[in-house]
Amino acid sequence: MNYLDPRLELIATARQFYQQGWMVGTAGNLSVVLPDGSFWITASGRSKGELSLSDFVRIYPDGKDDSSNNLKNNLKPSAETAIHQVLYTLFPEANACYHVHSVEANLVSRFVTGDSLPLPPLEMLKGLGIYQENPNCQIPIFANHLQVPKIAADIKERFTITPAQIPALLIRDHGVTVWASSPESARNYIELVEYIFRYMVAAWALGRRGDAGNDND
Ligand SMILES: CSCCC(=O)C(=O)COP(=O)(O)O
Ligand SMILES: [Zn+2]
């Protein structure tokens with residue numbers, strides 16, 4: 001049986017997300033867990049639209065990477081590796097963690113000042129595991145601390161106290177991160193959350209235009 005390197009799926013998905021404008025300017029990072037509990041993560045600062053197999057860093061269960069080899073190849077793990085690590089610790093069933101920076105995610109992160117954003121009761125929530133009549137669903141918002149380990153600590157503290165309703169979190173003025181049992185599900189979750197954010201921004205704009213429309217009556 002030929003073993004498909006899981007990085008190939010991440011390369012293809014990163015290119016798709018780059019083309020959608022969600023991973024421009026090296027933004028975003030993707031990771032996938034291997035059978036031994038280590039995970040591949042996109043190397044820091046690489047253009048996500050043109051990744052190759054050598055643009056990944058392997059992080060081992062003890063948190064270390066092949067630093068000597070990586071140093072030689074000018075490879076650094078994603079600056080947001082700590083967020084992937086804490087999510088894999090909190091959700092051991094997760095085998096993939098994706099993070100992107102869309103304009104919509106940044107806009108909706110400012111729709112509220114608090115630490116959670118209510119989501120509209122859209123059918124798309126079913127794709128995130130929410131099967132309720134008139135769902136009351138929120139996505140948690142985290143402060144975009146300069147020190148990423150602080151964001152990771154906030155995530156650990158929050159989800160230890162308040163379980164996540166959906167496999168997604170929003171970092172204010174930054175972007176969204178999802179975790180899933182497979183790379184394919186992680187890709188679907190990003191697409192679903194970004195659809196919901198696009199809907200929210202469009203509804204907000206229509207609402208404002210609606211107000212403007214009244215002025216012209
Ligand atoms: C211009 S993106 C700033 C860093 C960031 O938020 C990101 O998602 C990418 O960081 P990485 O170290 O994974 O390239
Ligand atoms: Zn980021």
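Indexing begins at 1, ligand by ligand and atom by atom, following the structure's order. Excluded from the calculations below are hydrogen atoms, water molecules and symmetry mates; all remaining heavy atoms, backbone and side chain alike, are included. On a predicted model such as this, the values are computed, not experimentally measured, just so you know.
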>> Please list, in number order, the atoms of ligand 1 under 4.0 Å from a heavy atom of Asn29.
In response: 7 (C), 8 (O), 9 (C), 10 (O), 13 (O)
> Looking at atom 14 (O) of ligand 1, what's its closest protein heavy atom, distance included?
Replying inline: Gly45 N, 2.8 Å
> Looking only at protein heavy atoms, which one is nearest to atom 13 (O) of ligand 1, and how far off is it?
Replying inline: Ser78 OG, 2.6 Å
> Can you tell me the protein heavy atom closest to atom 3 (C) of ligand 1 and the distance?
Replying inline: His101 CE1, 4.4 Å
> Closest heavy-atom contact between Leu87 and Cys97?
Replying inline: CD1-SG, 3.7 Å
>> Any nitrogen or oxygen of Ala43 lying under 3.5 Å from a nitrogen or oxygen in ligand 1? Just yes or no.
In response: no
> Is the number of heavy atoms from other residues, nucleotides or ligands under 6.0 Å of Gln147 CD greater than 12?
Replying inline: no
>> Which label fits Phe91 and Phe159: parallel for a plane angle under 30°, tilted from 30 to 60°, or perpendicular past 60°?
In response: perpendicular
> In ligand 1, which numbered atoms sit nearer than 4.0 Å to a non-hydrogen atom of Ala79?
Replying inline: 11 (P), 12 (O), 13 (O)
> Can you list the ligand 1 atoms lying under 4.0 Å from a non-hydrogen atom of His99?
Replying inline: 8 (O)
>> Please compare Lys76, Lys48, Glu80 and report which has the shortest non-hydrogen distance to atom 5 (C) of ligand 1.
In response: Glu80
> If you count the atoms of ligand 1 from 1 in the order shown, which ones are under 4.0 Å from a heavy atom of Thr26?
Replying inline: 1 (C), 9 (C), 14 (O)
> Taking Lys48 for the side chain and Gly28 for the main chain, is one N or O donor matched with an acceptor at less than 3.5 Å?
Replying inline: yes
> Out of the N/O/S atoms in His174, what is the name of the one closest to the Zn ion (ligand 2)?
Replying inline: NE2
> For the residue pair His99 and His84, is the inter-centroid distance of their aromatic rings smaller than 6.0 Å?
Replying inline: no
> Got the closest protein heavy atom to atom 1 (C) of ligand 1, with its distance?
Replying inline: Gly25 O, 3.5 Å
> Please state the angle at the Zn ion (ligand 2) spanned by OE2 of Glu80 and NE2 of His101: what is it, rounded to 10 degrees?
Replying inline: 160°
>> Within this structure, what is the CD1-CG distance for the pair Ile166 and Leu192, rounded to the nearest 0.5 Å?
In response: 9.5 Å
> Can you check whether Ser102 reaches Phe17 side chain to side chain, under 4.5 Å on heavy atoms?
Replying inline: no
> For the residue pair Trp179 and Phe39, is the inter-centroid distance of their aromatic rings smaller than 6.0 Å?
Replying inline: no
> At a 4.0 Å threshold, what atoms of ligand 1 neighbour a non-hydrogen atom of Gly28?
Replying inline: 7 (C), 8 (O), 9 (C), 13 (O)
>> Assess, by modelled atom type and distance only, whether the side chains of Asp36 and Tyr60 contain a donor and an acceptor separated by less than 3.5 Å.
In response: no
> By number and element, which atoms of ligand 1 are closer than 4.0 Å to a non-hydrogen atom of Ser44?
Replying inline: 11 (P), 12 (O), 14 (O)
> Can you check whether Arg46 has an N/O within less than 3.5 Å of an N/O in ligand 1?
Replying inline: no
> Can you tell me how far the CD atom of Gln20 sits from the CD1 atom of Ile190, to the nearest 0.5 Å?
Replying inline: 10.5 Å
>> Please report whether ligand 1 has a polar contact with Ala27, defined as an N or O pair separated by less than 3.5 Å (distance criterion only).
In response: no
